[in-house]
Amino acid sequence: MKKRIYILLTLLAIYIFVIEYIFYPEYILRQESEGLFLTTNDYLQNYLFTPGSWILLLTNFIQQFYHSLPLGLFIETILILSSTISMFLYLQKWEIAHHSIWIISIPSIMFCVYQNTWGIPALLQYCFTLSMLTFYISISHQTTRFIYSVMLLPFLYLLIPSNCFILIYLYMCIYEWTFFKSFTMKIISISIVLLACLYPLFWQNINYTSALLYHFSPEPDMQHVQLYYILYLLPVIPILLSKWKGNLYFSYVLVGFLFIFGSYSIYKSSYCEEKEKRFAIQRYAEEKKWNQILQAISNTPYENNPFFHPYLMLALNEQRMLPEKLFHYPIFSANQIYFPANESDNANFNSLFAYSIGLKQEAIHQLAQANAMSPHGLSFSRLRRMIDWYIELKNVSLAEKYLAILQTSTCHNQWIKKRISQLSTIKKDTTFKTNKDFIIDASSPLIFLTQVIKTDTTNRKALDYLLCGILLGKDLKGFYNVFQAYFPKNTPIPIHYQEALLVVDLMFPQLKVTQQYSISSTCKQAFEEFGKWMAQRPNTNAILKQKYGNTYWYYGFIRTVT
Amino acid sequence: MKQLPFYFFILFLFVSCSKIRKAQIEKNDYPDIFPDYKEVHIPLNIAPLNFSIKNASFIQATFSANKQELFTTQGEKSIDIPLHKWQKLLVEHQGEQIDVAVSVWNPSYPEGIRYKPFPIYLTTDSIDPYIVYRLIEPGYESWHEMDIRQRSLNNFEETIIVSSDMKEKGCINCHSFCNYSPSNFMFHARTSQGGTILIKDNKVRKIQLSQIGSPTEGTYPHWHPSGKYIIMSTNTTRQSFYSHNPNLIEVYDLKSDLILYDIEHDTIIVDPRFSTPQHFETFPSWSPDGEKLYYCCASAKELPRNLKELKYAICSVSFNTENGTFGEKIDTVYISADKSASFPRVSPDNKYLLFTESDYATFPIWHKEANLKMISLQDFNDVNIQILNSPETESYHSWSSNGKWIIFSSRRLDGLYTRFYIAHFNAKGSFDKPFLLPQKNPNENILRMKSFNIPEFIKNKVTITRRQIDQIITD
């Protein structure tokens, strides 16, 4: 029997590791980047006396170690496997483990399938619950059981959400009636359940918190909560199956079926796939891996997903390819240059955008917005970025402050040492170039970018964003005005600008555009041919798409939003 | 075996009585302590002035008075002065100077360095035992969590009066107390279910000012010392962000007027002179006797375009407490061609007007050049209070009930996070060097991720419970 369990556990461990590695690597890395664990008073005060918060605090502590993928995979595998081990230890107490081993694999498979919606707090809560119930059943002495159950009250109320806390006491009561069958404890256990139900009210009198008195899920905004709590019915199964002899081979088949079911569910889950893609793109943008963004999105269905368009444009612009390749992608509006800052991830992107066009102060503003809208009010990745940006801005005081805060975490020693040595070489910079300053009007990307260009005419990245944004709006006159005013003289003109200038020349011949700007003969010839094919539409639609689908001409004259 | 208890006793003594160390090197300079408590004047009931020294591995501080050593305390990174010893010192040596001799052991001085003892001056003036303030992330339009808290100045106890996050109750702000009373105060809760929360004689109620005659909900309040009225400004506030200006943010009012809330009759009184579109009136504040209202006033400008032309002066008008009416004559108490004034606050003895001055506009916390300024109400001359100011922002301030202390907001530590400084107003009519609000762990001033905001002294602890307040807000 033991051998079979070890084999099953080993197989499960391999299965979980492989699933995590193939399907959830970005999720793993995001645990650390979006997590936060500090030992400052500010931070700990939010958790130490708030009901159900200890599990979140423990989660935050564990998430720190997800900074490297191998370590994160290892820890995640161990945690998920713990749910199986906890279930096995529990079933052993009921002596049905030998023919019901398929039951112990259910939690692990479910946590793998719902990885994106049930995080570490849900997993830890489940393991704790099973462990406590297992320990309870192992106490044969009824007085000890009574003391154990009463002493656990304050600890459990702070550890886990109140509905799970009450559920544990309900189970203890059921055990007294079905497992121990002690008359005294049957009555006492009912009283303890009632005490557990009333305990939150009592706690509020000692340490009032405006958080929900009775709350239900181990983590904020958790999805499929009902399905998660169905897992909590598994401990009832032994009570029902105690007289069932079962069939060992049937159990093996069920385990195999669960493996296949889990893998198939994850593989087919477009939700999981898209989430992973989003996490990946966000991480690449933060790490400035522009090529990888382009590789991950280009020629995939994600090209058509508006969520990725700002990232696409940012990556293209950072590679100085925005005016060369913008119209290779289905982007239709300048409003996709950045996001409305109504969510943490959106504001996070906007901070990267602002940084890319040289507005570091605005980048930090957007970062603060992202923090304010995030669950912890801050995250490791944003804290690191703030420190680096303040070092770039030579704001020694604030860089030192945030370094001191980060120092209270567990895994940043080397990172902090490097920054401290950087800081020691910096002299505080309080100079301020008034001629570059303006009050930001972010009501539209084009207005914002125009402000940037007017105060800094050499800001090429902002200029390319602005010109491309105007082209997206098909405002050719506007394009020409900005191009004429700000595009640096004697600089090679990118292809999309050449394409647009030819159209300007066609529509406004009095401007004599082709005489002022050097447009390649290849481009001129292609435009002529385009004109000829256009004249024969709709018969030539396919050819037009094939030959000119990536040009401004196709976008300007033919392409519509689908 | 019989000797075991004896050995335990010796071990206990060894552990509990730390050995006094002697530094090998002497230096004739003051130590670089944080916070800087050197040569400060402190009240006779203030919490211990715990401090730290950068890069120290061991610190020893010996407290003396009249050349007599009183006690020694030690720590690794910081000094944590025992509360009972500190309180005894304050009581027994009030009005005297105490000297603090600090020795430090660190990698540069492994054998220890002893610095020149620095003085701390114990005044005979007490300070109000509590302050109330808001804690909030330092600026920008969104925030994660904010609290209004009270803190004992005698020790380090801090408790939450009301707490909010964005989804829950919305912004809670602008707390104001009636005559330093903890059982009579108010604040605004800005959520959809919120309103102006009024606590009178420890009974809570919620008022919707717009439903009892106010054109809009109130903003900056000040409670009349009689307890009968609350003056408020009504502000239409906007916020803009600079691309490069180190001031980061500009907050301005497109419109601001004054309204008077009559608590007894639950009505709003509007004097049309204080609600014209040609002028902005804001930051109202009563004189201690309640006979005069002071407020900031500026000619309306097109904003944000003409922001730098916006200069607020300080005006005053008499007030009749019996019938709630303002006098006919409005006096200009302070005006400047190139500066703008905010937060006028009259000293409890009615002799001085303390306010904040910045280059232009209102909301000086976002102006690095903002400083405290004071004029005499007898001759309207400037009083030199440069000792209070720094190259960074100094802004909101309050007088203690006995007029001997002020507490004010300053961003001098890092330019962004507001912290509180306390300064003594001495018998000569000037201020002594300000000191940072003491914390149990001095590094709390660095590690705390929120700004302190709107400090107000109160004479005792607020006893109304969070539950009572929350129930009314969400009702």
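All chains are named by letter (A, B, ...) in the order of the sequence lines, taking the proteins before the strands, and each is independently numbered beginning at 1.
- Within the 4.5 angstrom heavy-atom criterion, only side-chain atoms of A:L378, from C-beta onward, approach chain B.
- Ring pair A:F353/A:Y465: centre-to-centre distance below 6.0 Å.
- Between chain B and the options A:K360, A:E362, A:H376, heavy-atom pairs under 4.5 Å are most frequent for A:H376.
- Contacts between B:N247 and chain A at a heavy-atom distance below 4.5 Å are absent for every atom of the residue.
- Side-chain contact check for B:Y417 and B:E137: no donor-acceptor pair (N or O, by modelled atom type) lies under 3.5 Å.
- Contacts of A:D441 with chain B are absent, with no heavy-atom separation under 4.5 Å from either backbone or side chain.
- Both the backbone and the side chain of A:N205 come within contact range of chain B, each with at least one heavy atom under 4.5 Å from a heavy atom of that chain.
- Checked against a 6.0 Å centroid threshold, the rings of A:W389 and A:Y355 count as neighbours.
- Only the side chain of A:L359 comes within less than 4.5 Å of a heavy atom in chain B; its backbone stays farther off.
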Handout entry: B:E394 and B:R412: CA distance, side-chain angles, deciding distance, salt bridge (Lys or Arg N to Asp or Glu O under 4.0 Å) verdict
Key = CA-CA 8 Å; B:E394 274 71 42; B:R412 63 187 65 185; 2.9 Å; yes
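- Among the candidates B:I249, B:V251, B:D253, the single residue satisfying the side-chain contact (heavy atoms from CB on, under 4.5 Å) test with B:F363 is B:V251.
- Contacts between A:Y43 and chain B at a heavy-atom distance below 4.5 Å are absent for every atom of the residue.
- Proximity to chain A (any heavy atom under 4.5 Å) is shown, for B:I160, by neither the backbone nor the side chain.
- In terms of non-hydrogen atom pairs under 4.5 Å with chain B, the most contact-rich of A:L38, A:N41, A:D42 is A:D42.
- Judged purely by distance below 3.5 Å, without hydrogens or angles, the side chains of B:Q468 and B:T465 pair a donor atom with an acceptor atom.
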